[in-house]
Amino acid sequence: LPICARVAGATAAATGNAGAPLPVQAAAAEARTAAEADPTLDATQTTPIPPEEAAEQLADAQSLTESEGLRLDRALVQKGLLTEQQLLEVFSEQLHLPLVSLEDRAFDPELLRTLPARVVYRQRLVPVARVDDALQVATSDPFDLYAFDDLRLLTGLKIEPVLAPRDEIEKVIKTHY
């Protein structure tokens, strides 16, 4: 919810609606109250950003997208406005994709052989499960549709993406390929 508040505040400010009350302000106030009740919560995640500051942060991220050719989501992470985990949680909720942890997961060697090492290294995708004619593949980029199409053509299986942090995917690749 605090992520949505940040994004909503930035959107409102960027579109000229900075003076309009945001629908998430009440939720942010509730989160702030929860943080006061539980001192273990990170206050930076429960404090809403003023619309002017959010608009400035969004503008910085947008300039990064133009100068370095990044997508906005990657620019927000690179600028430190969101963590990759927060971004994956939003993607999971909005795209209805499962978010999985690859740590402590046992990988079947036969399943790992489903994808050639060159494809795994190039696409940064790891097979995590196979059920009938469907292959679940861990990715940190749910928008890389070309990679999913390549896998479908290569394997002849239906590809079902699941989300996982990039560093966990890299660790599996280094360990198993």
Side-chain angles (χ1 to χ4, degrees), residues 1-8 10-11 23-24 27-28 31 34 38 40-42 44-46 57-58 61-62 64-66 68-177:
L1 183 62
I3 297 167
C4 296
R6 293 175 77 173
V7 174
T11 304
V24 294
D38 182 359
T40 62
L41 290 176
D42 182 359
T44 62
Q45 296 302 311
T46 59
Q57 291 176 346
L58 182 61
Q62 286 174 329
L64 189 62
T65 64
E66 295 166 5
E68 295 189 22
L70 295 175
R71 287 192 331 240
L72 182 59
D73 60 322
R74 297 293 178 196
L76 290 170
V77 171
Q78 187 170 329
K79 293 294 256 179
L81 301 175
L82 293 175
T83 65
E84 182 188 23
Q85 185 67 32
Q86 290 171 323
L87 185 65
L88 290 174
E89 288 170 4
V90 171
F91 286 162
S92 176
E93 181 181 326
Q94 295 297 314
L95 301 174
H96 306 287
L97 294 174
L99 178 58
V100 300
S101 173
L102 301 180
E103 293 179 348
D104 305 324
R105 181 183 282 253
F107 287 89
D108 177 18
E110 187 174 324
L111 176 67
L112 293 173
R113 284 191 294 271
T114 305
L115 299 180
R118 65 177 171 75
V119 172
V120 171
Y121 277 101
R122 187 179 69 229
Q123 304 290 0
R124 297 306 199 222
L125 302 170
V126 175
V128 293
R130 181 175 175 177
V131 178
D132 298 326
D133 65 340
L135 181 65
Q136 283 190 342
V137 179
T139 182
S140 63
D141 184 1
F143 302 110
D144 192 359
L145 302 180
Y146 291 114
F148 304 139
D149 284 343
D150 285 347
L151 293 183
R152 183 181 50 78
L153 292 172
L154 179 69
T155 63
L157 300 170
K158 178 182 173 191
I159 303 301
E160 297 177 352
V162 297
L163 300 172
R166 184 176 189 86
D167 62 333
E168 290 182 19
I169 293 172
E170 297 289 337
K171 186 176 177 182
V172 170
I173 292 171
K174 286 178 184 174
T175 304
H176 296 287
Y177 285 93

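All heavy atoms count here, side chains included; hydrogens, waters and symmetry mates do not.
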Distance in Å, Gln123 CD paired with Leu154 CG, rounded so as to fall on 0.5 Å steps: 10.0 Å
Closest contact, heavy atoms only, Ala164 versus Ile169: O-CD1, 3.7 Å
Atom pair CG (Leu58) and CG (Leu72), whose distance is rounded to the nearest 0.5 Å: 6.0 Å
Contacts of type side-chain contact (heavy atoms from CB on, under 4.5 Å), residue Arg152, not counting sequence neighbours: Asp149, Ile159
Nearest non-hydrogen partners of Val162 and Gln136, listed with the distance: CG1-CD, 4.0 Å
Main-chain N/O of Tyr177 paired to Tyr121 side chain as donor or acceptor, under 3.5 Å: yes
Gln86 (side chain) donor-acceptor with Thr83 (main chain) under 3.5 angstrom: yes
Flag, side chain of Ser92 to backbone of Leu97, donor-acceptor distance under 3.5 Å: yes
Approximate separation, where rounding is to 0.5 Å, of Arg74 CZ and Glu68 CD: 14.0 Å
Neighbour count >12 (heavy atoms, 6.0 Å) for atom CD, Glu110: no
Qualifying ring pair (Phe, Tyr, Trp, His ring centres under 6.0 Å) pairs, either residue in residues 123-176, two or more places apart: Phe91-Phe143, Phe107-His176
Gap separating the CG atom of Leu157 from the CZ atom of Arg130, nearest 0.5 angstrom: 4.5 Å
Step-by-step side chain to side chain contact (heavy atoms under 4.5 Å, CB included) determination, Leu115 to Leu135: CA-CA 10 Å; Leu115 299 180; Leu135 181 65; 4.2 Å; yes
Ionic contact status for Arg124 with Asp141, cut-off 4.0 Å: no
Under 3.5 Å: donor-acceptor pair, side chain of Glu84, backbone of Pro165: no
Gap separating the OG1 atom of Thr139 from the CG atom of Leu125, nearest 0.5 angstrom: 5.0 Å
Residue pair Ala61 / Ala75: nearest heavy atoms and the distance that separates them: O-CB, 3.5 Å
Distance in Å, Arg166 CZ paired with Leu87 CG, rounded so as to fall on 0.5 Å steps: 12.5 Å
Side chain to side chain contact (heavy atoms under 4.5 Å, CB included) evaluation trace for Leu76 with Leu64: CA-CA 9 Å; Leu76 290 170; Leu64 189 62; over 6 Å; no
Test side chain to side chain contact (heavy atoms under 4.5 Å, CB included) applied to Val137 and Leu151, step by step: CA-CA 9 Å; Val137 179; Leu151 293 183; 4.0 Å; yes
